[in-house]
Amino acid sequence: MALFEPTILLQLLIAGLLTGSLYALLASGLNLVFGVMRVINIAHAEFMLLGAYLAWVLYVYANVHPLLSLFIVVPAVFGIGWVLERTLIEHVVGRPLLTSLLATYGVSIIMVNAGLLVFASDFKSVPQLQGAIVIGELAISKPRLVAGVLAVILTFAVYLFLEITRLGKAVRAVAEHPHVATICGIDVQRIRMLTFALAVAMAAAAGVMLTMIYSFSPDTGADFIQKCFAIIIIGGMGNFLGAFYGGVLLGVVEAFVGGFGTTQWAEAVAYLLLVLVLLIRPTGLKGMADVK
Amino acid sequence: MADHILVVRGVRRVFGGVEALKGVDLDVVRGSVTGIIGPNGSGKTTLFQVISGMDRGATGSVMLDGREILGCRPYFVYQCGLARTFQLSRVFPQLTVLENLIVAARRHDRGARSRALELLERVKLEAYNEVLGSDLSYGQQRLVEFLRVLMSDPSVILLDEPAAGVNPTLRATLWDMVRHLNGLGTTFVIIEHNMDVISDLCQEVYVLSEGEVIARGSRRSVATNSCSRRISGSGAAHERFAA
Amino acid sequence: MLSKHASLASAAVLVVILAVAPAVLGEYYLSFLTQLLMMVALAQAWNTISGMTGYVSFGHATFFGMGSYAAALLLPLGVPWWACLIAGALVALALSVPLGFLTLRLRGPYFAIAMLGLNEVARVFVTLWVDLTGGGSGITLSPELLPSLTTSYYTMFLIAVAATVIVAAIYHSRFGLELRAIREDEGAAEMVGVNTTRDKLAAFVLSALIPGAAGAVLVMYTSYIDPAAAFAPAVNIQMIVMVMFGGSGTVWGPVLGAGLVMGLREVFWAEFPAAHLMLLGVLLLSVVLFLPGGLMALFTRRKLVRPEVAAGPQERPDG
């Protein structure tokens with residue numbers, strides 16, 4: 001069968017890796033919030049769409065290229081996240097996980113339907129940076145390449161920030177032990193605001209790049225949050241790098257299922273993987289056993 | 001040959017490379033009170049977790065009345081007649097005191113309600129029947145948790161530091177209950193730091209250290225053993241213990 | 001709590017009013033009441049699993065959609081409408097047993113995550129199985145197959161009453177006590193002899209039957225079904241918001257929540273579904289943050305009074 005030719009396999013692999021990097025950027029933010037705040041943010045993918053719509057508005061009304069609008073959208077969403085954590089999310093920190101699930105579910109419902117009110121339900125996209133780079137028999141879509149590479153760079157920038165800088169170490173300290181962190185003079189609430197803002201800014205960055213690849217509507221978040229959950233459960237809840245590997249893995253698996261089967265089944269792959277992992281290891285692959 | 005109701009053999013539990021229990025043996029005589037002492041982290045609570053079925057990752061054997069219960073789910077172990085309390089109180093916060101007790105009765109026990117009322121009366125908590133678990137003081141919560149496990153009339157009760165954080169009045173009530181029930185034939189295994197209590201109540205004492213039983217015997221023999229002297233720490237308590 | 005007599009009396013009045021409603025009301029209001037009763041039934045179903053045990057299900061609309069499709073496929077084959085209703089419930093049963101068996105081993109948040117995607121997968125599945133379901137274009141039922149609006153109304157009425165009676169019976173039973181103990185502290189519940197796996201599965205299956213039956217009735221009343229309508233996220237949202245708003249884990253909370261949310265929708269937001277859902281989101285968020293017990297908590301006088309008992313030890317821990 002022609003499908004099994006090396007070039008096609010390589011093509012699928014590259015496509016999968018590039019999409020997977022974008023998933024990784026999205027999911028590692030979700031995992032960061034979970035790790036530091038013990039809050040599962042169901043509205044996380046809605047922040048990705050917020051980024052996407054902001055980029056679309058900038059493109060349509062001010063003709064700003066999406067790659068340029070990253071510099072406007074990401075700080076803007078960072079600010080929104082900062083305020084939102086302060087006013088809303090802070091109230092559910094430390095409460096049972098199900099409380100935060102229901103609260104962020106409320107946030108998600110509000111954002112999706114606000115999106116429907118403002119932008120209606122038709123699909124939008126930003127046709128920039130189209131076409132493909134052809135190397136021999138391989139064709140790599142330009143927007144996917146740029147988005148994938150940028151996503152890897154951004155994810156690792158955040159990773160380095162967490163590993164190297166003093167502030168990043170404070171974030172990790174809060175994740176490990178909030179009480180001890182308080183005693184050590186870390187302003188824990190400020191760290192949570194920073195974490196949440198950083199996470200939704202990462203989602204927004206993924207959203208901006210998404211505009212060049214997919215068409216999106218206010219409902220699109222549902223698919224993505226599903227993928228995110230699959231990814232963080234595969235990679236281990238609360239584990240930043242785990243989410244990166246999980247994202248890349250999901251991207252590749254989806255690409256191959258899409259290549260050999262139908263694209264609709266590729267959409268269901270994330271859920272099937274999620275259920276499979278939960279069945280084998282009810283606490284996730286590198287899971288935290290103590291989640292109650 | 002003594003009649004053993006609970007026999008633990010070679011129980012091992014490993015947490016990611018760390019051996020929390022390194023082959024523990026325990027023989028609990030029917031109708032006795034057995035004490036377990038040892039420093040923090042010596043595996044006392046892990047042992048209770050394993051025996052009660054809360055932790056099903058251990059190897060070895062736990063026989064309750066001749067029946068293997070290692071690996072059984074906690075509800076089944078409880079229904080077999082082995083109950084336990086937790087190191088930190090775990091009453092159901094949004095259930096009333098009465099409901100907290102009734103839920104622990106056997107499923108088709110028609111006398112559950114009157115039994116619960118009777119137990120509450122005995123410890124003078126009867127006025128708290130309709131109070132939510134979360135509205136009790138910590139000491140009262142511990143007492144309710146203790147009463148809860150009595151609802152099914154278990155043959156063996158494991159108590160994990162039952163007196164920690166309980167004021168002296170309630171503590172006395174608690175130990176009186178233990179004595180009373182033991183007189184009626186209930187077997188107890190108690191984790192406790194207070195050597196006065198151990199010397200007062202227990203016929204046999206096990207000393208656990210780093211996941212191993214390093215000494216066992218009557219309270220007198222354990223008290224004179226150098227290992228337990230080191231572990232029990234408090235000199236004053238120790239002198240009274242050995243006297 | 002509401003006194004037992006007061007709540008029985010108000011229940012009786014409510015049932016009588018709803019029973020004579022078709023004789024008095026025009027088609028429009030009867031149809032509104034049918035939807036209201038459907039939401040009561042769905043809210044009670046969600047209450048049975050999530051309110052009682054604290055296992056939040058984000059995927060209960062799946063059972064509803066499955067019930068709808070079961071009825072829509074069987075009615076054209078000449079199966080009587082009441083048998084389709086039972087079939088709807090049975091399909092939900094057939095899905096919920098294996099699903100519950102698999103997912104209820106997971107602790108709360110993992111269960112919630114696993115259920116979140118279920119609805120989407122069911123939608124994709126039904127859309128792809130074109131031969132059976134007609135795919136995305138859905139199934140239209142010819143009017144002569146369908147029971148009258150009055151029949152649909154009474155059927156929905158019976159389902160809603162049955163759902164409420166089930167919740168009330170569970171609430172006052174030993175089983176309900178065990179479920180609430182699971183919600184409070186699952187490990188401790190298991191340690192006092194509660195077979196948590198069996199209890200959770202029983203609650204889950206019960207909570208799936210009702211949406212299955214309600215879905216079957218809905219399709220007889222709308223005469224049309226497609227994947228987007230059968231597995232609409234809005235159904236999930238409404239179920240959850242109504243229960244949380246009214247008071248989760250209570251008998252009357254879901255009835256109250258469904259009545260108020262549907263009433264408000266009718267009065268204010270019927271023309272703007274997105275605005276309606278957005279306000280439901282605001283409602284959910286506010287309830288979760290500021291009134292976790294829902295409206296029923298306002299009626300419940302918590303017994304905070306510490307009795308003055310002579311020997312009642314009142315001290316806090318001394319250790």
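The chains referred to below are lettered A, B, ... by the order of the sequence lines, with proteins before strands, and numbering in each begins at 1.
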Checking heavy atoms, do the side chain of [X], its backbone, both or neither come under 4.5 Å from chain A?
| X | answer |
| --- | --- |
| C:Val121 | side chain |
| C:Leu128 | side chain |
| C:Asn236 | both |

Side chain of A:Tyr105, backbone of C:Ile240: donor and acceptor closer than 3.5 Å?
-> no
Do [X] and [Y] have side-chain heavy atoms sitting under 4.5 Å apart?
| X | Y | result |
| --- | --- | --- |
| A:Asp223 | C:Glu120 | yes |
| C:Phe290 | A:His91 | no |
| A:Ile42 | C:Phe58 | yes |

Straight-line distance of [X] [atom1] to [Y] [atom2], nearest 0.5 Å:
| X | Y | atom1 | atom2 | value |
| --- | --- | --- | --- | --- |
| C:Leu289 | A:Thr99 | CG | OG1 | 9.5 Å |
| C:His276 | A:Leu117 | NE2 | CG | 12.5 Å |
| C:Leu285 | A:Ser108 | CG | OG | 11.0 Å |
| A:Leu101 | C:Ile113 | CG | CD1 | 6.5 Å |

To check you understand the geometry: which heavy-atom pair defines the closest contact between [X] and [Y], and what is its length?
| X | Y | value |
| --- | --- | --- |
| C:Val288 | A:Ala103 | CG1-CB, 4.0 Å |
| C:Ala274 | A:Leu116 | CB-CB, 4.0 Å |
| A:Arg95 | C:Pro292 | NH2-CG, 3.8 Å |

Max heavy-atom pair count under 4.5 Å with chain A, selected residue of [options]:
| options | answer |
| --- | --- |
| C:Leu283, C:Val282, C:Thr127, C:Val287 | C:Val282 |
| C:Val124, C:Val241, C:Leu116 | C:Leu116 |
| C:Ser50, C:Ser286, C:Ala114 | C:Ala114 |

Could you tell me which portion of A:Ile40 (side chain, backbone, both or neither) has an atom closer than 4.5 angstrom to a non-hydrogen atom of chain C?
-> side chain
Structural part of A:Leu102 lying under 4.5 Å from a heavy atom of chain C = both
Heavy-atom count around [X] [atom1] within 6.0 Å, excluding the residue itself: above 12?
| X | atom1 | value |
| --- | --- | --- |
| A:Arg86 | CZ | no |
| A:Glu176 | CD | no |
| C:Tyr224 | OH | yes |

